[in-house]
Every structure is written in structure tokens, then in C-alpha cells.
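Down below is the structure, laid out as C-alpha cells.
All values reported here derive from a predicted model rather than from experimental measurement.
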Amino acid sequence: MPSFKVYKGSASDGIQESNTTKPELSGDQVLVKVAASGLCGTDLHYKGADMVLGHEGAGVIQQIGPDVKNLKLGDRVGWGYQADACGLCEQCLSGNDEYCPDRQIYGMANLDQGSFAEAAVWREAFLFKIPDNISNTDAAPLMCGGATVWNALHKYGLSSTSNVGIIGIGGLGHLAIQFASKMGMNVVVLSTNESKKDEALSLGASHFTVTRGKEKIDIGATKLDALLVTASVDIEWDAYIPLLKPQAMIIPLTVHFGNFSIPQYPLIGFGFRVQGTVISSRSELKKMLEFAARNDVRPVTMMFPLNKIGIEDSMRTLSEGKMRYRGVLVAK
């Protein structure tokens, strides 16, 4: 039986080290030895829950179940937010399995498995081969952070002629800049922090504007086809709405548990669309990895050891806003 160390959240005692023992592999289950795990803002939401943490995994296949068809021992694979889907509903059959009514996602199912661990047991159907030219430490943050911004940019009608605004340069924003620019889009970065200008431009931004303290934001004559909100801040919509073309999309990507509020008249009067989006389907995640491999899209990372001290240190760095830009836990 596979047995391995895992790291769980707790309501009062911080990160807990534990052991998980799984029955012999069945069906298309695969045992993956974890090489690296990304740290996502969602992990902070669950650090007080009695569950194994982490959902941006990358590692090497150690064992395979009897029904595994395409993967083999030694393959490097990654996995993200979703662990399963029914495969039969309208959403699954149309390539939108991330919206399957029976989906199994991080924090809701598979609570004894995660990427903050020595290993994990995962279905082959929800594992993705990592391209040869992407390292494990680069691949891990792409499995959720990369997939999330790719989905927003690729699935809702944007193209190489689109003008895209990105609010925030963090774990999601710095990847959104790269994907959008490599897709040929004109990228306008809107940030409260002047010190990030050079880095934003080097990542592919066409224009950088500081928004802090400004009632009116100036981005020149450019109007935006879409505005991606990747920062966990309250948006002063009166300042941002003049930047949008009629029928522009507003795409919120950060997770809040409150309401998303926007003035009603501009929404109706200019035909704006607020586009919800969550993680990505398996099809889109595979395309994202292929695109990142061909176009040299890589996360900017800070490394921490994959152990109790490293996990707590990385979570503290992220919660204090000091992460540049994606934390990666590395197995020793």
C-alpha cells in the first residue's frame, strides 16, 4: 500500500505533518512523487481546515493502476485544482468539465490528497504531462495560476487584436501579462506600485499606469476590450469604467466571499459583461502548457523547502504581500 507524508491545515496549531496510507491503486489511479508544489492564494483560505493542502503539483510517476493507458513510470506530470468529473453530463461532453455538477475540486473533495506532500494518488484523467523544456518548479504554478489566467484570455473571444487591462502584478497578474503579450494582445498594466513598472514592461506590458490616489486614470487613447482583475483590492469603478470600450468584458479572477459590486447604469448603458471564470477545463489546461512551452511563459518564483517550516514561511510571505510573485515548495 502506498504510504507517504502529507501536510494538513488546522484551526489552531498551524501546519500539521501527517501520514496517509492508500489502498493498492485501482482503475486509472497513479502514484506521483511530488517534486514541487506551487503556493496559491486559495491555500491561505484553507490553511485552517483539516485537509491536506496544495493543488499545484508537479512530480514523477512512481506507480500506476491497472487501467492507466497513456502514462508510464518515470513520466513527469502536473495536476491542478480539479481531481474528478462525471464525464457524462452536458458540461463534460462539451469540454467544460470544470463546471460539471459532480466535479471534485480542491477544498471540497479528495481531502486526504494534495501537493503539500511527499506524494499523491491522482487519476490519470486529471494528470498532465509536463513539456520537456518546463522544469518542475516552473510547471507547478502553471497548473492553477497559469491555467486560470489562460482560461480568461483564451476562452471568451479575445484575440491578438485585443486591448487588455490587467489590475495587479502578483501571482496571477505577472502570468497574465506574459500570456496576453505572447498571444499578441496590447497589454495595459494598472498597478498601485510604481516600483513594479520595469518588471511589468519586461514581462510584456505595452503600457504601465500607476493608479494609487488618482480619481482619473490615464492610459492614453487606448480603450480596453477586457479588464482582468487579478488583485485583491476594492475597485473604484468610477475611475476604471472610462477606460473600457462599449461591450467590454470585466473578468474578476481573485476569490472573495463577499459580493462583486459594479454600478448598474454603465453596465447596462455600455453593454459591459462581467465574465465569471474558474480554473480551466482539461482541454484548456493542456493547451496552456503547450503554449507556455513554445512561447517561454514562466512564473517568477520564490523557492521554499517542502516541509512544515517551509510551508509556514511561504504562507507568511504570501499573506504579508512579500511574495514575488509565486511561491514554490521544493522537495529535497
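- The pair Glu98-Arg282 does not meet the salt-bridge criterion, since no charged nitrogen lies less than 4.0 angstrom from a carboxylate oxygen.
- Using a cutoff of 4.0 Å between basic side-chain nitrogens and carboxylate oxygens, Lys182 and Asp296 are not scored as salt-bridged.
- Side chain of Glu124 to backbone of Lys69: a donor-acceptor contact under 3.5 angstrom is found.
- In terms of modelled atom types and a separation under 3.5 Å, the side chain of Arg76 and the main chain of Ile61 share no donor-acceptor contact.
- No donor-acceptor pair closer than 3.5 Å links the side chain of Asn259 to the backbone N or O of Ser261.
- A donor-acceptor contact closer than 3.5 angstrom links the side chains of Ser206 and Asn186.
- Residue Leu172 is tested with Val229, Thr230, Ile177, Ile166 for a side chain to side chain contact (heavy atoms under 4.5 Å, CB included); the sole match is Thr230.
- In summary, Lys8 and Asp50 engage in a salt bridge, as defined by a charged side-chain N under 4.0 Å from a carboxylate O.
- Other residues, nucleotides and ligands place more than 12 heavy atoms under 6.0 Å from the CG atom of Asn19.
- Judged purely by distance below 3.5 Å, without hydrogens or angles, the side chains of Asn151 and Lys287 never pair a donor atom with an acceptor atom.
- The environment of NZ in Lys245 is crowded: more than 12 heavy-atom neighbours from other residues, nucleotides or ligands sit within 6.0 Å.
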Practice prompt. Output, in order, the C-alpha distance, side-chain angles, deciding distance and verdict of salt bridge (charged side-chain N to carboxylate O under 4.0 Å, His left out) for Glu56 and Arg326.
Written response: CA-CA 11 Å; Glu56 291 184 336; Arg326 205 74 178 178; 2.7 Å; yes
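- Between the side chain of Gln82 and the backbone N or O of Asp97, at least one donor-acceptor pair lies under 3.5 Å.
- Of the possible donor and acceptor atoms, one in the side chain of Lys214 sits under 3.5 Å from a partner among the backbone N and O of Val210.
- Between the side chain of Thr20 and the backbone N or O of Phe4 there is no donor-acceptor pair closer than 3.5 Å.
- Between Lys5 and Glu17 a salt bridge is recorded (basic side-chain N to carboxylate O distance below 4.0 Å).
- With Ser280 contributing its side chain and Glu284 its backbone, the two residues share no donor-acceptor pair below 3.5 Å.
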Worksheet item: Do Glu199 and His174 pass the side chain to side chain contact (heavy atoms under 4.5 Å, CB included) test, and can you show the C-alpha distance, the side-chain angles, and the key distance before you say yes or no?
Response: CA-CA 9 Å; Glu199 193 158 21; His174 90 284; over 6 Å; no
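- Between the side chain of Arg123 and the backbone N or O of Gly27 there is no donor-acceptor pair closer than 3.5 Å.
- At a threshold of 4.0 Å, the pair Glu290-Lys286 counts as salt-bridged, since one of the basic side-chain nitrogens sits closer than that to a carboxylate oxygen.
- Between the side chains of Ser281 and Ser283, no donor N or O sits under 3.5 Å from an acceptor N or O.
- A perpendicular orientation is assigned to the rings of Trp237 and Tyr240, their planes being inclined by more than 60° (bins at 30° and 60°).
- Counting non-hydrogen atoms of neighbouring residues, nucleotides and ligands closer than 6.0 angstrom, the CD atom of Gln247 reaches no more than 12 such neighbours.
- Below 30°, between 30° and 60°, or above 60°: for Phe291 and Trp150 the angle between ring planes is between 30° and 60°, a tilted geometry.
- A donor-acceptor pair under 3.5 Å is formed between the side chain of Ser191 and the backbone N or O of Asn193.
- A donor-acceptor contact shorter than 3.5 Å links the side chain of Ser115 to the backbone of His55.
- Among residues two or more places apart in sequence or in another chain, the ring pair (Phe, Tyr, Trp, His ring centres under 6.0 Å) test is passed with Tyr46 by Tyr106.
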